[in-house]
Structure formats: structure tokens, C-alpha cells
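Reading through the C-alpha cells given below for one structure.
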Amino acid sequence: MKEIHNSKIITPITDGNITILFRGKTFRGANKSDYDNQIAAVHSIEKFVITPIKRTFPNCNINVIICTYENKLNIELAKIFKKDYGHNVELFHIPNDVAGQIYSYKCALGCIREENEFVFILRPDLIFQKEIDLSRADKDKILFQWNLFTHYTIKRVPDQYQFVGGNVFNKYKELVLNKKIDTINAGTLHNLYNFLIKHNWSLDNISYLNYIKN
């Protein structure tokens, strides 16, 4: 199989909470351009990720959680989401002396305490240029960002963001917190597809958001 399976929608999104969960490092670099890029990323995420989510699921309540490494500038990101865009925002800091993508990802998942229709997990430094496709949103699925593997042989997936349906979130969280993810591509989340398959995740519960022609 060269592409992730496009499975049928099992359980559509209705009403309830949706959490936008940021994980990983912010303000990568000390130059003004690095600062400007981070601020631009936040505004692009609001425009191309959160706004389409609000439009597609108008009966849902959106919460923003930022789980990142300690940085005094992070309060600016929280203020943008709260004051400029009116979201409920929580900010959690990870100690800077404990680095690693896997560690920070697990910390972020641990911040989710309420039930959700889905959790959208993404890096905070991404600058989007087009809207995400929500036509395959499903409360029973993990959705990767694209239909294509970035390496067909080892089934490596892009790891910048993931959609985790509310009906499978607790199962997913328990697996990630207690099992080793990066048996391939150490220190990254590129092995998440294989990780799910290894732990008996059905192909009917794995799909993708955006379609790219092969």
C-alpha cells in the first residue's frame, strides 16, 4: 500500500468541545525575523486551521492549549488567541532542560483532561498557506495530514499535525504515554502509522485529512 487508506466516516462530529493542542518549541531563534515568523505562524493557524474548524462545526466549543518549553514570550501567543480571537486558552510550560520531541508530545497529551469531539495536535511554528480539509473528520479516527507516506517502504508519515477523534483519544493517549513510538526514525513522530498498526489499530480507524495526487 503506497497511500494511507481513505476509509468511510464512521462517527461524524456533532457538538461538544474541540481542542487545538500545540506541542513543541516556540520562537525558534533569537532574531527579529524568528520572532516575526512565530507571530505569523499563529495568525496563519487561526486563519487556515481554526477558522475552518469553527465554520465546519459551528455547534462546537473551541479551546486552545499551548504546551511548550519555557519562554517568557509564550504569553504573547496566549494573548493573541485569547484577546485577538476570543478563544479559551491554557498555557503549560515544559522545563527547558528536558528536551526531545517524544517527551514534549507526551507532555502535551497529558494536558487534555476533558472529553472532546476531536483534538487537533500541531506544532506552533507552522505557517499555513491554505485551509485544511475537514471532509474526513471522524470521531473514531486518527487522521494524518496527507494521504501519502513520505517514505513508502517504511511507511513514514509526516508528523507536523494529527487529528485524533474524541472516541479514540483516550486509547491513543494511553498508548503514546506507555509504549515506545520511535522504533524507526528515532526522536521523531514519523513512525506513528507503524506504531498504531503494531498495537492493533484497525485500518478503518486510520485515515488522512488532505489529499495530494501521487
Side-chain angles (χ1 to χ4, degrees), residues 17-29 34 37-46 48-50 53 62-82 85 87-128 132 141-146 150 156-166 168-182 185-193 195-196 208-210:
N17 291 319
I18 293 172
T19 294
I20 310 299
L21 177 61
F22 291 94
R23 56 92 183 171
K25 190 174 179 61
T26 58
F27 297 100
R28 295 172 179 264
D34 299 316
N37 284 338
Q38 179 60 78
I39 299 302
V42 167
H43 289 294
S44 81
I45 290 166
E46 175 66 30
F48 294 117
V49 177
I50 300 179
I53 288 174
I62 293 179
N63 299 301
V64 174
I65 293 179
I66 304 170
C67 181
T68 184
Y69 291 94
E70 294 177 347
N71 188 321
K72 63 182 181 181
L73 294 175
N74 288 330
I75 193 67
E76 294 189 32
L77 305 184
K79 285 180 178 178
I80 290 172
F81 282 120
K82 186 172 184 177
Y85 297 117
H87 299 305
N88 299 317
V89 182
E90 291 184 273
L91 175 62
F92 297 91
H93 278 143
I94 306 169
N96 287 318
D97 58 350
V98 186
Q101 187 172 178
I102 303 299
Y103 173 79
S104 64
Y105 192 76
K106 291 182 177 183
C107 288
L109 291 180
C111 294
I112 303 294
R113 297 182 297 271
E114 297 183 352
E115 295 295 317
N116 287 275
E117 291 293 297
F118 64 86
V119 178
F120 193 93
I121 310 168
L122 73 164
R123 286 170 41 169
D125 61 341
L126 302 176
I127 297 180
F128 286 77
I132 57 170
K141 287 190 179 67
I142 302 287
L143 304 179
F144 293 105
Q145 65 199 63
W146 298 316
T150 59
R156 184 176 65 202
V157 289
D159 65 351
Q160 288 94 331
Y161 57 89
Q162 301 86 37
F163 171 112
V164 184
V168 296
F169 179 81
N170 288 335
K171 176 183 175 182
Y172 179 75
K173 176 180 176 180
E174 183 179 1
L175 273 179
V176 171
L177 294 183
N178 294 289
K179 303 293 184 180
K180 184 174 176 59
I181 301 172
D182 54 337
N185 299 124
T188 76
L189 298 168
H190 291 300
N191 194 48
L192 271 175
Y193 178 88
F195 173 77
L196 294 175
Y208 59 87
L209 288 165
N210 307 291

Evaluation steps, side-chain contact (heavy atoms from CB on, under 4.5 Å), between Asn74 and Ile66: CA-CA 9 Å; Asn74 288 330; Ile66 304 170; 5.7 Å; no
With no hydrogens and no angle check, do the side chains of [X] and [Y] hold a donor and an acceptor under 3.5 Å apart?
X: Thr19; Y: Asn116; value: yes
X: Tyr172; Y: Gln162; value: no
X: Arg156; Y: Thr150; value: yes

Any donor-acceptor N/O pair, Gln145 side chain to Val157 backbone, under 3.5 Å: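 Answer holds: no.
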With sequence neighbours excluded, residues passing side chain to side chain donor-acceptor pair (under 3.5 Å) with Asn88: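 Partners of Asn88 under the side chain to side chain donor-acceptor pair (under 3.5 Å) test: Asn63.
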Between [X] and [Y], what is the shortest heavy-atom contact and its length?
X: Ile102; Y: Thr188; result: CD1-O, 3.2 Å
X: Gly24; Y: Pro124; result: O-CG, 4.0 Å
X: Asp182; Y: Asn185; result: CB-O, 3.8 Å
X: Tyr69; Y: Pro95; result: CD2-O, 3.6 Å

More than 12 heavy atoms from other groups under 6.0 Å of [atom1] on [X]:
X: Glu115; atom1: CD; value: no
X: Lys82; atom1: NZ; value: no
X: Glu70; atom1: CD; value: yes

Mind checking the [atom1]-[atom2] spacing from [X] to [Y]? Nearest 0.5 Å is all I need.
X: Ile20; Y: Ile62; atom1: CD1; atom2: CD1; result: 5.5 Å
X: Leu177; Y: Tyr105; atom1: CG; atom2: OH; result: 10.0 Å
X: Trp146; Y: Leu209; atom1: CH2; atom2: CG; result: 11.5 Å
X: Leu77; Y: Phe22; atom1: CG; atom2: CZ; result: 8.5 Å
X: Thr26; Y: Leu73; atom1: OG1; atom2: CG; result: 7.5 Å
X: Phe81; Y: Glu46; atom1: CZ; atom2: CD; result: 6.5 Å

Below 4.5 Å, heavy atoms only, C-beta onward: do [X] and [Y] meet side chain to side chain?
X: Phe169; Y: Leu109; result: yes
X: Phe27; Y: Lys72; result: no
X: Ile94; Y: Cys67; result: yes
X: Cys107; Y: Phe92; result: no
X: Asn71; Y: Asn96; result: no
X: Phe195; Y: Leu175; result: yes

Looking at residues at least two apart in the chain, or sitting in another chain, which of them share a salt bridge (Lys or Arg N to Asp or Glu O under 4.0 Å) with [X]?
X: Glu76; answer: none
X: Lys173; answer: none
X: Asp34; answer: none
X: Asp159; answer: none

Stepwise side-chain contact (heavy atoms from CB on, under 4.5 Å) test for Phe118 and Ile53: CA-CA 11 Å; Phe118 64 86; Ile53 288 174; 3.9 Å; yes
Residue pairs involving residues 119-128 (criterion salt bridge (charged side-chain N to carboxylate O under 4.0 Å, His left out); sequence neighbours excluded):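 Those involving residues 119-128 are Arg28-Asp125, Arg123-Asp125.
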Qualifying residue, where the test is side chain to side chain contact (heavy atoms under 4.5 Å, CB included) with Val176 and the options are Ile181, Leu196, Leu189: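 Looking at Ile181, Leu196, Leu189, the match for Val176 under the side chain to side chain contact (heavy atoms under 4.5 Å, CB included) is Ile181.
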Identified ring pair (Phe, Tyr, Trp, His ring centres under 6.0 Å) partner of Tyr161 from the options Phe128, Phe144, Tyr208: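 Running ring pair (Phe, Tyr, Trp, His ring centres under 6.0 Å) over Phe128, Phe144, Tyr208 with Tyr161 returns exactly one hit, Phe128.
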Identified side-chain hydrogen bond (donor to acceptor under 3.5 Å, both in side chains) counterpart of Gln101 within the set His190, Lys106, Arg23: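 For Gln101, the side-chain hydrogen bond (donor to acceptor under 3.5 Å, both in side chains) test succeeds with only one of His190, Lys106, Arg23, which is Arg23.
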